[in-house]
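Let me begin by presenting the structure, written as structure tokens, before commenting on it.
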There are 2 protein chains.
Amino acid sequence: MQTSTRDRIVITAARLLQRQGYVGTGIKQIAQEAQATLGSVYHFFPGGKETVAVAAIEHSSREFAALLRKALDAEADPATAVDSCAGQLAEELRESGWIDGCPVTAAALETLGTDSPIQQACAAALRDWEELVRDKLLRGGFDAQDARELATTVISALEGAEVTAQVTRSEEPLRTVGRQLARLVRSYGGSAQSAGGTG
Amino acid sequence: MQTSTRDRIVITAARLLQRQGYVGTGIKQIAQEAQATLGSVYHFFPGGKETVAVAAIEHSSREFAALLRKALDAEADPATAVDSCAGQLAEELRESGWIDGCPVTAAALETLGTDSPIQQACAAALRDWEELVRDKLLRGGFDAQDARELATTVISALEGAEVTAQVTRSEEPLRTVGRQLARLVRSYGGSAQSAGGTG
DNA sequence: ACAGCACTAGAACGAACGCTCTACTCAATA
DNA sequence: TATTGAGTAGAGCGTTCGTTCTAGTGCTGT
């Protein structure tokens, strides 16, 4: 077997959580689709379902961060890079049949009232992604506060556009939001080297 | 009793769906919190859980549309109106203890693979809300295509900002996104120069 | 009075849930 | 050979799920 049983469980759980949410995903389903048994799942994750979910979300978070980092680094201009991110998300979403969206949103929304580890893992993921965008803007010469506000906006807008794209089964929301975000970023100072400051 | 049993079921289901999603909300819980019995629920909704959910989402959609319309109409300038919307959402979110977010996102994400009536109701809700924003922009003198793209961006960004605000338990994402959206809107042909009094 | 209807009330069903439990395989050691 | 520990395998626990079912209540028209 190429991947270990533990890894297969985490990867499968991540995919199922992304598509069905926390409550909608059963331990038995995870075991079955990971080609593992119930005993194996509880062997590697004595903490039960919640522990599996946290590991899965952390895995998804790292995976999405890698995608984000790669897309951001591929373009020198931050505005173009943000637009490129949206395009990449649109492409992957379409290829998955509109089901593989943001890996943490579904799980996050289901555990809102609680202060569960799942909730915390989702919050950490959002924070990490936002930081990636913020750093890209800082490297592009943006003012610290502008970079922070733009990063929040970019991540939130991409998040929302992905949901909209999934629900409407169309790339258009992501494409449109990508364009508008690029325009917004460019409205600060115009090009890569100048610093904004209209705040 | 002031409200009818049917209405209590729909309103209760709407609130629970918003907070717990579709899978996480049980028919028995709906009945109990609506002070109705299982028999009543199945009397009014012979189609079962899915029928209740669709009615609840349609209710939430109308309710949110009313809030949106009111916030948009309160300001003449579209950019200021959008910012005001975000502020209103932030306020209500904080007051609810960060649990009453977008009324359809959670349910939408759980039924993505399917072409269930729930999915369609969520898609219709998003479309309606976007149309409200688009009409506001058109009344503000915006070009048709600009209005459409901006409306998509505004709804998506607000959607995402609401989720981010819920997860991080902070108004800041909504406040920030509101400011940035206003800036984006203003970047099209200046601020409220045309169509001051729209009534 | 009585039939008819809208609605209330909740017991009960099969299925699925998360989780625990015992039994097993098998390679590595002594 | 015997023992040990990691990992596999799945039966079965108690609970809850969505749904169905029968029984009963209260109001209306005749």
Side-chain angles (χ1 to χ4, degrees), chain A residues 1-57 106-107 109-111 113-119 121, chain B residues 1-57 106-107 109-111 113-119 121:
Chain A
M1 205 64 77
Q2 288 186 354
T3 56
S4 71
T5 301
R6 205 199 116 102
D7 285 350
R8 268 181 288 126
I9 291 170
V10 170
I11 294 172
T12 304
R15 193 184 62 238
L16 292 176
L17 279 182
Q18 181 178 30
R19 299 181 178 183
Q20 310 175 343
Y22 179 67
V23 189
T25 302
I27 287 274
K28 286 174 184 172
Q29 186 189 11
I30 293 172
Q32 189 177 342
E33 299 202 9
Q35 282 169 296
T37 63
L38 211 47
S40 299
V41 176
Y42 279 94
H43 170 75
F44 290 110
F45 301 94
K49 186 181 182 181
E50 196 175 59
T51 322
V52 178
V54 169
I57 288 169
L109 286 178
E110 284 178 314
T111 57
T114 79
D115 54 349
S116 70
I118 296 176
Q119 171 77 8
Chain B
M1 205 63 78
Q2 288 186 355
T3 57
S4 70
T5 301
R6 204 199 118 101
D7 285 350
R8 268 181 288 127
I9 291 171
V10 170
I11 293 172
T12 303
R15 193 184 61 238
L16 292 176
L17 279 182
Q18 182 178 30
R19 299 182 178 184
Q20 312 175 342
Y22 179 68
V23 188
T25 301
I27 286 274
K28 287 172 184 173
Q29 187 188 10
I30 293 173
Q32 189 177 340
E33 299 202 10
Q35 281 168 298
T37 62
L38 260 183
S40 301
V41 175
Y42 279 95
H43 170 74
F44 290 110
F45 301 95
K49 186 182 183 182
E50 196 175 59
T51 322
V52 178
V54 169
I57 288 169
L109 285 177
E110 285 177 315
T111 57
T114 77
D115 52 350
S116 72
I118 297 176
Q119 171 77 7

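Computed from a predicted structure; not experimentally measured. Per chain, numbering begins at 1; letters A, B, ... match sequence-line order.
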Please report, rounded to the nearest Å, how far the P atom of C:dC17 is from the OH atom of A:Y22. 14 Å
In terms of heavy-atom contacts, B:A106 and B:L17 come closest through CB-O, 4.1 Å
Tell me if a side-chain donor or acceptor on B:R19 pairs with a main-chain N or O of A:G113 at a distance below 3.5 Å. no
A:S4 (side chain) donor-acceptor with A:D7 (main chain) under 3.5 angstrom: yes
A:Q35 atom CD is separated from D:dG7 atom P, nearest whole Å, by 18 Å
Here the pair of heavy atoms bringing B:I27 nearest to B:V52 is CD1-CG2, 4.5 Å
Find every protein N or O atom lying less than 3.5 Å from an N or O atom of nucleotides 24-26 of chain C, and list the pairs.
none

Give me the atom names and distance for the closest heavy-atom approach of A:Q29 to A:G24. OE1-O, 4.2 Å
For the pair made of CD1 in A:I30 and P in C:dC17, what is the distance, rounded to whole Å? 11 Å
Please work out which residues in residues 41-52 of chain A have a non-hydrogen atom less than 4.0 Å from an atom of DNA chain C and list them by number. A:Y42, A:G48, A:K49
Non-hydrogen atoms of A:G48 and A:Y42 that approach each other most closely: CA-CE2, 3.7 Å
Nearest whole angstrom, please: distance from the P of C:dA12 to the CD1 of B:I27. 21 Å
Could you tell me how far apart B:L38 (CG) and C:dA12 (P) are, to the nearest whole angstrom? 14 Å
Check the phosphate of D:dG7 against A:T5, side-chain N and O only, distance under 4.0 Å to OP1 or OP2. Yes or no? no
Under 4.0 Å between a side-chain N/O of A:S40 and OP1 or OP2 of D:dT8, yes or no? yes
More than 12 heavy atoms of other residues, nucleotides or ligands under 6.0 Å from CD of A:Q32: is that the case? no
Donor-acceptor pair, side chain of B:T111 and main chain of B:I118, under 3.5 angstrom: no
Nearest whole Å is fine: how far is D:dT15 P from B:Q29 CD? 19 Å
Candidates D:dT20, D:dA9, D:dG12 - which lies nearest the side chain of A:K28: D:dG12
Classify the nucleic acid contact of A:G39 as base, sugar-phosphate or nothing, counting any heavy atom under 4.0 Å across all strands shown. base
Any side-chain donor near an acceptor of the partner, A:T12 and A:R15, under 3.5 Å: no
